[in-house]
Amino acid sequence: MKPTNTLKSVFVHPKDKKDIDQTSEVVYDIPCKGCNKSYIGETGRPFGVRKKEHQKDTEKIATKNFTRASRKLSNTEQHKSAITDHIAQENHVIDWEGPNY
């Protein structure tokens with residue numbers, strides 16, 4: 001009779017799992033904290049690199065001080081992604097800790 005759990009089955013793992021930020025070829029879903037909308041994207045590059053690009057673009061918009069006229073203008077201009085458009089138009093916060101893959 002053989003034991004079901006052996007030292008080999010407990011300690012030997014042929015492949016270590018990658019951190020999601022290092023994974024390439026991903027489809028991801030980044031939710032908004034202010035509403036039930038979310039951004040669905042796809043990248044062939046490591047997800048962590050793409051997420052940082054989104055964060056930099058959204059920080060530029062989020063840290064801007066808008067007058068009424070500049071807010072109105074910002075609502076009509078196209079940004080690099082739908083996430084930055086959403087922040088500019090709705091003034092919401094993105095949930096960077098909650099992306100789904």
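Along the sequence shown, the residues carry numbers beginning at 1. Quick caveat: nothing in here was measured; it's all calculated off a predicted structure. Quick note: numbers below take in every heavy atom, side chains included, and nothing from hydrogens, waters or symmetry partners.
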What's the spacing between Lys60 NZ and Thr84 OG1 if we round to 0.5 Å? 10.0 Å
Look up atom OG1 in Thr58 and atom CD1 in Ile94, then write down how far apart they are to the nearest 0.5 Å. 7.0 Å
Determine which pairs satisfy salt bridge (Lys or Arg N to Asp or Glu O under 4.0 Å) with at least one residue from residues 42-52, sequence neighbours left out, and list them in order. Arg45-Glu53, Arg50-Glu53
Working for side chain to side chain contact (heavy atoms under 4.5 Å, CB included), residues Thr23 and Phe47: CA-CA 6 Å; Thr23 305; Phe47 174 68; 5.6 Å; no
Is Thr43 close to Val26 at the side-chain level, that is, under 4.5 Å between some pair of heavy atoms? yes
Using distance only, find each side-chain donor-acceptor pair of residues 28-36 under 3.5 Å and give its atom names and separation, not counting sequence neighbours.
residue: Tyr28; atom: OH; partner: His54; partner atom: NE2; Å: 3.0
residue: Asp29; atom: OD1; partner: Ser38; partner atom: OG; Å: 2.8

Test item: His86 and Tyr39 side chains (from C-beta on) under 4.5 Å apart, heavy atoms: no
Check the hydrophobic clustering (I, L, V, M, F, W, Y; side-chain heavy atoms under 4.5 Å; chains of links allowed) and say if Val49 and Val27 are grouped together. no
Considering non-hydrogen atoms only, spot the tightest contact between Ser24 and Gly44 and give its length. CB-O, 3.3 Å
